[in-house]
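Just so we're on the same page: letters track the sequence lines, and every chain starts at 1.
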Amino acid sequence: MRQKISSATASACLSSGTETLIQQALAASHARRIAINPSFLDDEKLPEAERVAVLQEVFHRNIRMRHLERLAKFLAPVVTGLLPPNLLIYGPSGTGKSVTCLHFLSSLSGMCTERGVPFRYCYVDLTTPRSCFGAFNELAIALDGSVRRYRKGIALEQMQEMIVSGLARDSGFVCVLIDEADNLTSDADIFLTFLAKTLPKRVPVRLFYVFLTNRLEWEKNLDPRILSVLKKQDMIFEPYDAMDLLEILRLRVEKALDTHRVEEAAIRKIAAYASRETGDARKAVELLVKAVKVAEESSGRLTETEVDVAEHSLEVDKTEELIRSLAPQQRLALQACYTGIGKHKSKISTGTAFECYRQVCEGAGMRPLTQRRFSDIVSFMDLYGLVNALVTSKGRYGKTRELSSSLPRQVIERMLDGRFEDQHTLLH
DNA sequence: ATTCCACCGGAAGGGGCGGGCC
DNA sequence: GGCCCGCCCCTTCCGGTGGAAT
């Protein structure tokens, strides 16, 4: 019915002048536009020079000053020709570890050039988990400055030779910044031994390393011999507090948005949300972007209301994304749990949920997993907050986990309607 | 105090698969 | 390109458990 009407209006529009409609839509969206310069909301889209300029400005606003001071204390000897210690920097994601270090190293490099001290730095990004081979690959690419990737299947020794020969012609100081160093999945020891022992002996340059990690316990899993060779200094980056986040957000707002349409209270609220959660600056900017989008689609002003709406919809987006990324069996299990919870109007036991799951599997034409495995999946979903699973004892009637809902109603409805299914089947 | 339920969750082992290595 | 190792997913088995019922 609804479809009929909409197709009827559509054909009417076509005949009566689609162009007018498009113009109207454009004018309306223009009138509500807040993001004048949206690329400033996404660092990835900025050209290198602009990105550096934005960073300069961030650091001019007394953000991360203490950390810059400490970095300077450790690394400044380079300018006078002394080899600084290696650094290990801890801090949760989104606390600006990489950004601060890159900014600092770029300034340091500038000073060294002025004073005629040969210095360069390179950035090894292990954000996506890498094996030992992958790490060598990244390092080789970072050192020789090319974009090519070395072919898989080369022996590790050969990779090491390439790295050595890449540095053989160099002289002066080289700083290697290794981001997310804890992401080495296998044989981290081989990689680090090479960095700490082999490489410095075999190349004429004077090497020092800065490792970044967000796991405090990383160091404990390492071979103590490597640690002693590294002779490193430790530093900690705390999460941003609300005031820092507010400064960062204000800068973005000034650069990217129409400030007349943005209320200060809204920005404060975003900063408060983000600092209450993890103090992650990326998340704060993400929320700002969403709020701007919400505002542009509705009132055309960014106020606290838009921030609340954006916060909620971001939450929904995240859980829906999580559900979409589940393996088929996990998704069936999740569906079964919510079918069961819906049917019984209350908490259900693992046994009941498993029964539902068997039926759902039958409906979907899939072989059900064992109850043991199902139980593991429930634990997993509990861990990720997709269901609440509380272990309770019902005395003589056994011990079980009570499953209850933990998702917003609209997400459950969409899931049970099978609306996530479509995209999944399209993918396959 | 003891029994007993209904499941928890650890351990071990098999099969499949992808990535590292040559 | 092909081999092989290690990892992941899954099953099977089984001892463990908190508290209502007896």
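- Checked by distance alone, R396(A) brings no side-chain donor or acceptor within 3.5 Å of a matching partner on the base of dG18(C).
- The side-chain contact (heavy atoms from CB on, under 4.5 Å) test with L195(A) is passed by exactly one of L207(A), I178(A), V176(A), V124(A): I178(A).
- Distance R373(A) CZ to dA12(B) C1': 16 Å, rounded to the nearest Å.
- Closest of all the heavy-atom pairs between Y273(A) and L287(A) is CB-CD2, 3.9 Å.
- Among the heavy atoms of the strands, none lies under 4.0 Å from T392(A).
- If you measure from atom CZ of R401(A) to atom P of dG18(C), you get 15 Å, rounded to the nearest angstrom.
- Remark: the S393(A) side chain and the dG18(C) base include a donor-acceptor N/O pair separated by less than 3.5 Å.
- The aromatic rings of F208(A) and F173(A) sit perpendicular, their planes meeting at an angle over 60°, well past the 30° parallel limit.
- OP1 or OP2 of dT11(C) has at least one side-chain nitrogen or oxygen of T370(A) nearer than 4.0 Å.
- dT11(C) atom P lies 6 Å from atom CZ of R367(A), rounded to whole Å.
- Contact annotation: T350(A) reaches the phosphate of dC8(B) (side-chain N/O to OP1 or OP2, under 4.0 Å).
- By the 6.0 Å contact criterion, CZ on R250(A) is enclosed, its count of non-hydrogen atoms from other residues, nucleotides or ligands being greater than 12.
- Atom P of nucleotide dA12(B) and atom CG of D376(A) are separated by 16 Å, given to the nearest angstrom.
- In this entry the distance linking CZ of F374(A) with C1' of dG9(B) reads 16 Å, nearest Å.
- Distance from the side chain of K399(A) is smallest to dT17(C) among dA20(C), dG9(B), dT17(C).
- Distance CZ (F380(A)) to C1' (dG9(B)): 18 Å, rounded to an integer number of Å.
- For R372(A) and dT11(C), the shortest distance from a side-chain N or O to OP1 or OP2 is not below 4.0 Å.
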